[in-house]
Amino acid sequence: MQTGTTFDDNRFREVLGHLPTGVVVITALASDGRPVGMVVGSFTSVSLDPPLVAFLPARTSSSFADLRGASTFCVNVLSAKQEDVCRQFAVSGSDKFAGINWAPAPSGAPVLDGVVAWIDCEFERVDEAGDHYIVLGRVKNLGTGVPTVPLLFFQGGYGGFATKSLSMGASASMLESLAVADRARDDVEALAADVGFECYAQVLKGQDIVVVASVHPPSRPVQPSRVGMVLPLVPPWGEAFMAWLPEREQDEWLDRLRTPNEDRERILDEMATVRSTGWAMTVWRSLADIDRISDVIAEHGHTPASARELARLFRTQAGLVARSDPRRTSMAWTATRPKPSRPSARPSSTPAAVWP
């Protein structure tokens, strides 16, 4: 347990960031009839009798200054699919309602299309609390919208809520990948015996890379299998999959962790090599830290922090061929099918990776 008697603003945000919060958009009609709104991550219920809710905007917020001129406001609970809406309303000085469909709540305040729920309120009181306000609202009306999971903010990243399940959901694409891996087992076993490394097959499933098969060479003691290991698809991890996808999907992948420009150009060059050769090779200093993070993910699930840590390890541990000591390195080799005839088509093969 990390402890300390002093802390700064960054440490305060970091620790408090371990508590996930819901993401809402507070909307209202300004005195001139314009729809106005702001993103809030500090919304909470307060009281049942009377029905009260609260949110805490910064005292410096120009968006709240517009909202405060109204007599009513509406709380829009965003769904996990509305991260783009959240980002649009978080930008100051822009037309936040551009391209956003909405309908009036009973008070007239906007209810955004696609939200999970909405809560129509009157301003009850506004109190000062340090560098923020505590805004109390009296609930006058409320309702539910799209029956899906809400958008959450956690450790500086956005995501959704996932329930625990007693079984893992199957999909046609995963079953097909397992069948391909099974048909390739003889070849993978021969490859493992030839190179003396563990060989495994991995597939792309949503935003994750899943290991579906693993073979150890006969000459080495059998290590714990990586079958079932799930790694987040964060740059530069997954180049062999992303190399074949349209530029738009590649850009979304690179933007997932705000990849620096110098790393972005290097990754784009490496993906061009993958497309031209049909295979890729990476030299690693060590896989121990990556296995450690993978164990954490297996036990606790993906978080934005673990994804960033993996991306950092991928950047620092891989690709150091010129400076690395061959006696201290590991090697990964990834093969894909030749470039598909349609650039937008996803590769149907199961890339195979070779690990020591």
Side-chain angles (χ1 to χ4, degrees), residues 2 7-26 37-44 55-58 61 63 76-92 96 112 114-116 146 148-164 204-210 229-239 241-242 245 248-261 263-264 267 289-290 292-316:
Q2 296 181 358
F7 56 86
D8 56 14
D9 292 350
N10 289 334
R11 180 61 174 167
F12 184 86
R13 293 190 186 97
E14 178 191 354
V15 173
L16 271 294
H18 285 70
L19 175 67
T21 59
V23 183
V24 304
V25 171
I26 308 293
M38 66 180 298
V39 174
V40 169
S42 56
F43 173 75
T44 185
F55 65 97
L56 285 71
S61 170
S63 297
N76 292 262
V77 182
L78 298 184
S79 80
K81 296 181 179 180
Q82 291 183 301
E83 181 180 340
D84 57 337
V85 176
C86 169
R87 294 187 182 279
Q88 180 166 325
F89 273 87
V91 177
S92 299
K96 300 183 180 184
L112 308 182
V115 297
V116 174
V146 178
T148 188
V149 296
L151 183 65
L152 298 178
F153 186 77
F154 177 58
Q155 292 184 351
Y158 293 99
F161 174 77
T163 58
K164 291 185 176 180
L204 186 63
K205 182 172 173 60
Q207 301 300 316
D208 298 318
I209 296 175
V210 184
M229 184 172 70
V230 180
L231 295 170
L233 183 65
V234 293
W237 192 248
E239 289 179 347
F241 293 104
M242 301 305 299
L245 301 187
R248 176 182 57 80
E249 294 191 44
Q250 293 178 1
D251 288 339
E252 291 174 355
W253 172 62
L254 290 168
D255 290 339
R256 200 162 293 162
L257 291 179
R258 299 178 182 176
T259 306
N261 287 335
D263 289 340
R264 193 185 193 99
I267 292 170
D289 288 338
I290 292 174
R292 174 180 57 80
I293 297 296
S294 299
D295 290 341
V296 172
I297 292 174
E299 181 177 356
H300 300 291
H302 293 307
T303 67
S306 64
R308 286 194 292 267
E309 176 64 7
L310 274 174
R312 184 190 68 79
L313 291 171
F314 295 152
R315 286 195 295 267
T316 57

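Keep in mind that the numbers below use all heavy atoms, side chains included, and drop hydrogens, waters and symmetry copies. Since we're looking at a predicted model, the values are computed, not measured.
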Asks: Look up atom CE in Met242 and atom CG in Asp251, then write down how far apart they are to the nearest 0.5 Å.
Replies: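 Here the interatomic distance stands at 9.5 Å.
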Asks: Rounded to the nearest 0.5 Å, how far does CZ of Phe7 lie from CZ of Phe12?
Replies: 6.5 Å
Asks: From Gln250 CD over to Glu239 CD, what is the distance, rounded to the nearest 0.5 angstrom?
Replies: 10.0 Å
Asks: If you look at every heavy atom in Ser42 and Leu56, which pair is closest and at what distance?
Replies: OG-N, 3.0 Å
Asks: Please evaluate residues Leu233 and Trp253 with respect to the criterion side chain to side chain contact (heavy atoms under 4.5 Å, CB included), reporting the C-alpha separation (whole Å), side-chain torsions for both, the decisive distance (0.1 Å), and the verdict.
Replies: CA-CA 8 Å; Leu233 183 65; Trp253 172 62; 3.8 Å; yes
Asks: Quick one: ring pair (Phe, Tyr, Trp, His ring centres under 6.0 Å) partners of Phe153, sequence neighbours excluded?
Replies: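 Result, ring pair (Phe, Tyr, Trp, His ring centres under 6.0 Å) vs Phe153: Tyr158.
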Asks: Kindly indicate, with the supporting measurements, whether the criterion side chain to side chain contact (heavy atoms under 4.5 Å, CB included) is fulfilled by Val149 and Ser79.
Replies: CA-CA 6 Å; Val149 296; Ser79 80; over 6 Å; no
Asks: Can you list the residues that meet the side chain to side chain contact (heavy atoms under 4.5 Å, CB included) rule with Asp9, with sequence neighbours excluded?
Replies: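 Asp9 satisfies side chain to side chain contact (heavy atoms under 4.5 Å, CB included) with Arg13 only.
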Asks: Pick from Arg264, Arg248, Arg87: which one makes a salt bridge (Lys or Arg N to Asp or Glu O under 4.0 Å) with Asp255?
Replies: Arg264
Asks: So Lys81 and Leu151, side chain to side chain contact (heavy atoms under 4.5 Å, CB included) or not? Walk me through it.
Replies: CA-CA 7 Å; Lys81 296 181 179 180; Leu151 183 65; over 6 Å; no
Asks: Looking only at atom types and distance, does a side-chain atom of Glu83 sit under 3.5 Å from a main-chain N or O of Gly159, one as donor and one as acceptor?
Replies: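 No.
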Asks: Work out which heavy atom in Met38 is nearest to a heavy atom in Ser61; give both atom names and the distance.
Replies: CE-OG, 3.6 Å
Asks: Is the backbone N or O of Gly17 less than 3.5 Å from a side-chain atom of Gln155, with the two atoms forming a donor-acceptor pair by type?
Replies: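 No: the side chain of Gln155 does not pair with the backbone of Gly17.
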Asks: Test side chain to side chain contact (heavy atoms under 4.5 Å, CB included) on Leu78 and Val85; report intermediate values, then the result.
Replies: CA-CA 8 Å; Leu78 298 184; Val85 176; 4.2 Å; yes
Asks: Please report the shortest heavy-atom distance between Val23 and Val39, naming the atom on each side.
Replies: CG1-CG1, 3.9 Å
Asks: Looking at every heavy atom in both Ile267 and Pro235, which two are closest together, and how far apart are they?
Replies: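 Shortest heavy-atom contact: CD1-CB, 4.1 Å.
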Asks: Enter the distance from Thr21:OG1 to Phe154:CZ here, rounded to the nearest 0.5 Å.
Replies: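 One finds 10.5 Å between OG1 of Thr21 and CZ of Phe154.
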Asks: Provide the closest heavy-atom pair for Phe89 versus Val25 in the form atom of the first, atom of the second, distance.
Replies: CD2-CG1, 3.7 Å
Asks: Can you find a heavy atom in the side chain of Val115 that is under 4.5 Å from one in the side chain of Val146?
Replies: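 Of all side-chain heavy-atom pairs linking Val146 with Val115, none is under 4.5 Å.
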Asks: Considering all heavy atoms of both residues, which atom of Asn76 and which atom of Leu112 are nearest to each other, and what is their separation?
Replies: OD1-N, 2.8 Å
